[in-house]
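Residue numbers start at 1 and run along the sequence shown. Computed from a predicted structure; not experimentally measured.
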Amino acid sequence: MAYAVLFPGQGSQAVGMGADLFDARPDLLGDAADDALGWSLRTVCLHGPESELTRTDRAQPALYALAYALWDTLAPQLAAPPAGAAGHSLGEYTALAAAGAVDFATGLRLVAARGDAMARAAEAAPSGMAALLGIDVDAADTITAERRAAGGALWVANVNDPSQVVVAGSAADIEWVTANARDLGVRRAVPLQVAGAFHSPYMQPAADALGQALARVDFRATRFPVYGNVAAAPLPAAPADELASQLTARVRFKETLENMASAGIDMFVHVGPGNVTAGMARRSVPGATVLTVSDPAGIADAVASLLAA
């Protein structure tokens with residue numbers, strides 16, 4: 001079996017996450033990380049409060065750091081590198097670090113800059129996101145296009161799997177789509193607990209700011225392909241432009257998973273807190289083997305499954 005690793009994005013955070021990792025990997029998650037961030041990673045992850053951990057500028061570095069630490073602990077035990085990697089939104093940076101495009105510290109600083117830029121952009125105007133369940137992307141595109149034609153501000157932001165599409169837009173438009181979901185042919189609309197309309201034009205100021213930070217990074221060749229959210233295909237050797245545009249473009253994760261499967265990948269391993277990308281893989285690539293490594297205790301089982309495959 002050819003396997004790929006998947007890394008989670010914002011929304012997978014939970015107070016208490018990483019308790020065993022902080023003790024196991026102080027080289028990655030200790031003072032050096034705190035110095036780079038300017039706040040205590042351990043305190044925020046283990047003690048929150050939830051309102052602190054869910055802040056965009058806290059959740060993103062925290063998830064990146066823990067997911068990378070898990071991968072760095074898992075990888076030496078594997079017989080062969082993955083055939084590919086991908087990450088959902090923020091997780092794309094974890095995938096790039098796992099593949100060697102940047103070192104852990106450089107990736108952490110980039111993710112911190114990304115989270116800060118997105119938080120500032122979100123503060124500029126009331127906006128948000130909602131998950132639409134039981135609808136495909138074509139129907140969601142129709143709903144959002146018609147809303148914009150009527151003077152609204154609503155876009156498809158994430159295509160996660162065959163039956164879940166996330167939209168982003170003004171606070172008023174998120175309220176509208178949630179209130180009218182049934183009439184729009186949506187089984188259920190769930191407002192997301194995020195600070196703003198990520199992956200939409202609302203994030204253009206953040207994309208501009210992040211572009212400046214990305215321009216200062218010397219990306220190295222990756223050890224395995226990293227599939228990007230914007231093109232749903234392996235990132236180019238110089239991925240800065242695509243990483244900046246990711247903030248205003250839709251996350252094409254369903255297509256990413258399907259394209260990985262078409263390239264011969266038939267096993268997906270979610271690495272990081274939660275299990276969100278594992279569920280997306282199961283729904284997007286029926287029949288694929290899907291594993292989850294959300295803490296060090298899950299590493300042994302994953303290694304055994306990968307070695308047996």
Side-chain angles (χ1 to χ4, degrees), residues 5-10 12-13 18 21-22 24-42 44-45 55-76 81-82 84-121 198 203 206-231 234-247 251 271-273:
V5 286
L6 306 175
F7 297 98
Q10 191 171 344
S12 292
Q13 69 275 356
L21 273 172
F22 283 101
R25 297 304 306 265
D27 55 320
L28 294 175
L29 306 177
D31 291 342
D34 291 354
D35 290 344
L37 295 172
W39 45 274
S40 172
L41 184 64
R42 184 184 188 114
V44 172
C45 287
R55 282 174 45 178
T56 301
D57 58 343
R58 297 291 191 264
Q60 294 194 18
L63 288 166
Y64 165 87
L66 295 186
Y68 181 87
L70 268 176
W71 166 252
D72 196 60
T73 305
L74 168 66
H88 191 277
S89 188
L90 152 74
E92 192 168 318
Y93 289 76
T94 322
L96 282 166
V102 293
D103 59 35
F104 170 76
T106 298
L108 183 63
R109 289 191 293 270
L110 267 179
V111 168
R114 181 183 189 266
D116 182 65
M118 292 172 71
R120 285 188 280 110
F198 303 150
M203 288 294 113
D208 294 340
L210 180 60
Q212 296 177 27
L214 288 163
R216 296 190 291 269
V217 175
D218 182 18
F219 288 94
R220 302 187 294 256
T222 58
R223 292 188 291 270
F224 42 83
V226 174
Y227 285 66
N229 291 179
V230 176
L235 287 166
D241 288 346
E242 187 160 346
L243 290 171
S245 66
Q246 185 219 58
L247 295 189
V251 173
V271 180

Peer 1: Please examine the side chains of Leu210 and Leu247, heavy atoms only from C-beta on, and report whether any two atoms are closer than 4.5 Å.
Peer 2: yes

Peer 1: Side chains of Gln60 and Gln13: closer than 4.5 Å at any heavy-atom pair?
Peer 2: no

Peer 1: If you compare all heavy atoms of Ala97 against all heavy atoms of Tyr64, which two are closest, and at what distance to 0.1 Å?
Peer 2: CB-OH, 3.5 Å

Peer 1: Sequence neighbours excluded, which residues qualify as side chain to side chain contact (heavy atoms under 4.5 Å, CB included) partners of Ala86?
Peer 2: Leu6, Tyr227, Phe253, Thr256, Met260

Peer 1: Is the shortest side-chain heavy-atom distance between Leu66 and Phe22 below 4.5 Å?
Peer 2: yes

Peer 1: Tell me every residue that passes ring-ring contact (aromatic ring centres under 6.0 Å, His included) with Tyr68, counting only those two or more places apart in sequence or in another chain.
Peer 2: Phe104

Peer 1: With sequence neighbours left out, write down each residue that passes side chain to side chain contact (heavy atoms under 4.5 Å, CB included) with Arg223, or none if nothing qualifies.
Peer 2: none

Peer 1: Using the side chain to side chain donor-acceptor pair (under 3.5 Å) rule, collect all pairs that involve residues 84-105, keeping only residues at least two apart or in two chains.
Peer 2: His88-Asn160, Ser89-Arg114, Ser89-His199, Glu92-Asn229, Glu92-Gln246, Asp103-Thr106

Peer 1: Looking at Ala206 and Ala117, what are the two nearest heavy atoms and their distance?
Peer 2: CB-O, 3.4 Å

Peer 1: Within this structure, what is the CD-OG1 distance for the pair Gln10 and Thr56, rounded to the nearest 0.5 Å?
Peer 2: 4.5 Å

Peer 1: What heavy-atom pair brings Ala65 and Leu41 nearest, and what distance separates the two atoms?
Peer 2: CB-CD2, 3.8 Å

Peer 1: So, using salt bridge (charged side-chain N to carboxylate O under 4.0 Å, His left out) as the criterion, who are the partners of Arg120 when residues are at least two apart?
Peer 2: Asp116

Peer 1: For the residue pair Phe219 and Ala237, what are the closest heavy atoms and their distance?
Peer 2: CB-O, 4.1 Å

Peer 1: Donor-acceptor pair, distance only, cut-off 3.5 Å: does the side chain of Ser12 make one with the backbone of Pro8?
Peer 2: no

Peer 1: Tell me the closest heavy-atom pair linking Thr222 and Phe224, and the distance in Å.
Peer 2: OG1-O, 3.0 Å

Peer 1: Going from CG on Leu21 to CG on Leu70, what distance comes out if it is rounded to the nearest 0.5 angstrom?
Peer 2: 4.5 Å

Peer 1: Search all heavy atoms of Ala112 against all heavy atoms of Pro61 and return the closest pair with its distance.
Peer 2: CA-CG, 3.9 Å

Peer 1: Which residue pairs pass the side chain to side chain donor-acceptor pair (under 3.5 Å) test when at least one of the two sits in residues 25-42, sequence neighbours left out?
Peer 2: Asp23-Arg42, Arg25-Asp27, Arg25-Asp72, Arg25-Thr73, Ser40-Thr43

Peer 1: Supply the atom-to-atom distance Leu96 CG to Leu235 CG, rounded to the nearest 0.5 angstrom.
Peer 2: 5.5 Å

